[in-house]
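Please read the structure below before turning to the comments.
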Amino acid sequence: MTAVVELMDYADVIERFDPVLGLEVHVELNTNTKMFCGCANEFGGEPNTKVCPTCLGLPGALPVVNAKAIEGAIRIGLALNCEIAEWCRFARKNYFYPDMPKNFQTSQYDEPIAFNGYLDVTLDDGEVVRVEIERAHMEEDTGKSLHVGGATGRIHGAEHSLLDYNRAGVPLIEIVTKTIEHTGGRAPEVARAYVSALRDLLSALDVSDVRMDQGSLRCDANVSLMAKDATEFGTRTETKNVNSLRSVERAVRYEMTRQAAILAEGGSIKQETRHFQEADGTTSSGRTKETAEDYRYFPEPDLVPIAPSREWVEELRKTLPEMPSERRKRIQREWSLTDEALRDLLNVGAVDLVAATVEAGATPDEARSWWVNTLAQEANSREIELAELAITPAQLAEVIALVNAGELTNKLAKEVVQGVLAGEGSPAEVVEKRGLKVVSDDSALIAAVDEALAAQPDVAEKIRGGKVAAAGAIVGAVMKATKGQADAKRVRELIIERVGA
Ligand SMILES: [Zn+2]
């Protein structure tokens, strides 16, 4: 049985405490091979098919550093405005974990490859917060455990566990912020916005597929509270492996309200790792947090130090793409967006989607209207990210083109989009299957117009007498008769023609 957890009202938390955050993001690099061996670096696959003596940690196997991974690490460091180490080493981080066959993780400790940077993060209302980066270091991922037979999929209650080492040795970069202070009630939003900005940056660098749902981007959120009159940081907890942007925000907020309730009653916070529960947005106790001393770090004797030449670093700097923040400014200019329109676009995470829809032939205004209004509502009601909706920018551009060609009305277009979202196929297929084409055949429309005019002779008389506004009633009747599949503009033209006005 889980004990009832006391939470403090959020407004009270902010009144009494200052939250302090620290965010650790692990990103899996998209190199062809693993960090220290030639095994394929691919998600999934038959268990234990992408392994070799090195990533299985067999005695005598020797690691070799993947140069592409170092290149990725340096490019990430540069994009985060970091200094790049002139000389650094790997270290062994010793701990036992069944899915880590060497019983140590090859990581970096006091000599990270990149350090002292920052990332400017834009909040929902346009305010920019600078998040300082402590370090970005290289390490390797672990394998995966699968606990079988229990109700929860966790080790507790499981009958046995299976181990898959395909992921063991996949290159990871861990990006660690300095403490983020003075964000007050916006701390959860800052955490989400930071991970979001980092994800955009990594995506622009093309160093990772940044799939939070597949674990290629994972966030650990350190949260502590300081009473308003305190001079020292409080004890922090570390909520591990939060795997969506929304969850990052929820996890931070939950920890703030939980810790505040404990502190307000004179209790103390236990330094520990915690797990985030997606279903109800709570966190639960994990293991007591180790300190660095527990890991007995020492320099890795099997790998040579890394000393990237300044020439190489400068060459890599030249490969940096346009940064997302710069791109936003350019897009605002090119699409003539007001600050507010740009903010709406950013808030729903639609910049890339709109850009891709424009690329596929739509105008910026058309694409923006669909993504920011109609589709954002759909994503919201499904509680997923906009990009996770089952419609591609190319498909949306196809729908928009059909509207522009007069083959769909706006109303019909919305139905087509619903069909695509429901998995009924491409826009053309949905139009076909649902029979949604606009009635463009004039003879069919004329018949419907004549019928409606005959049914309302007084209205017909008014139109004939010059009261063109009265045509609305006839348009309505025709639309009803054609189940909304008539082009209202054409119907109106035909009405005027038929009454001979
Ligand atoms: Zn291997």
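This chain uses plain numbering: 1 for the first residue, then up along the sequence. Side-chain atoms are counted along with the backbone in the values below, which use heavy atoms only and exclude waters and symmetry mates.
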For residues 97-124, the ring-ring contact (aromatic ring centres under 6.0 Å, His included) pairs (sequence neighbours left out) are Tyr95-Tyr97, Tyr109-Tyr297

* **Gly169 backbone acceptor or donor facing Asp141 side chain under 3.5 Å** => no

Problem - Donor-acceptor contact below 3.5 Å, side chain Glu314 vs main chain Glu311 - result: no

message: If only side-chain N and O atoms count, and only distance matters, is there a donor-acceptor pair under 3.5 Å linking Glu132 with Thr177?
response: no

Looking only at the side chains, is there a donor atom on one of Glu255 and Thr283 sitting less than 3.5 Å from an acceptor on the other?
yes

_Close side-chain approach of Val121 to Val190, heavy-atom, < 4.5 Å_ = no

*Would you say the side-chain atoms of Asn373 pair up with the backbone N or O of Ser369, donor to acceptor, closer than 3.5 Å?*
yes

Backbone of Arg89 reached by a side-chain donor or acceptor of Gln108 within 3.5 Å
yes

Only one of Leu172, Val25, Asn243, Val242 passes side chain to side chain contact (heavy atoms under 4.5 Å, CB included) with Arg218, and that residue is Leu172

If you define the side chain from C-beta out and look only at heavy atoms, does anything of Ile76 sit under 4.5 Å from Leu29? yes

| task | Using a strict 4.0 Å threshold on nitrogen-to-oxygen distance, state whether Arg274 and Glu272 make a salt bridge. | result | yes

Check your understanding: Is there a side-chain contact between Met138 and Phe90 (heavy atoms, below 4.5 Å)?
Key -> yes

Using only atom types and a distance under 3.5 Å, with no angle test, would you say the side chain of Asn241 pairs donor to acceptor with the backbone of Cys219?
no

Worksheet item: Between Glu249 and Arg246, does at least one N-O distance fall below 4.0 Å, as a salt bridge requires?
Response: no

Using side-chain heavy atoms (C-beta onward) and a distance below 4.5 Å, is Arg154 in contact with His275? yes

**Item:** Min side-chain heavy-atom separation Asn32-Lys68 under 4.5 Å
**Value:** no

* Lys240 with Glu238: basic N within carboxylate O range, under 4.0 Å -> yes

State, yes or no, whether a side-chain contact exists between Asp302 and Arg92 at a heavy-atom distance under 4.5 Å.
yes

Just checking, is any N or O donor in the side chain of Asn116 or Glu134 under 3.5 Å from an acceptor N or O on the other one? no

State whether a side-chain donor-acceptor pair under 3.5 Å links Thr357 with Trp370. no

Is any side-chain heavy atom of Trp312 closer than 4.5 Å to a side-chain heavy atom of Ile70?
yes

Donor on one side chain, acceptor on other, Arg296 and Asn94, under 3.5 Å:
no

Here the ring-ring contact (aromatic ring centres under 6.0 Å, His included) pairs for residues 129-152, sequence neighbours left out, are none

Six-ring centre of Tyr10, Arg253 cation under 6.0 angstrom, axis tolerance 45°
yes

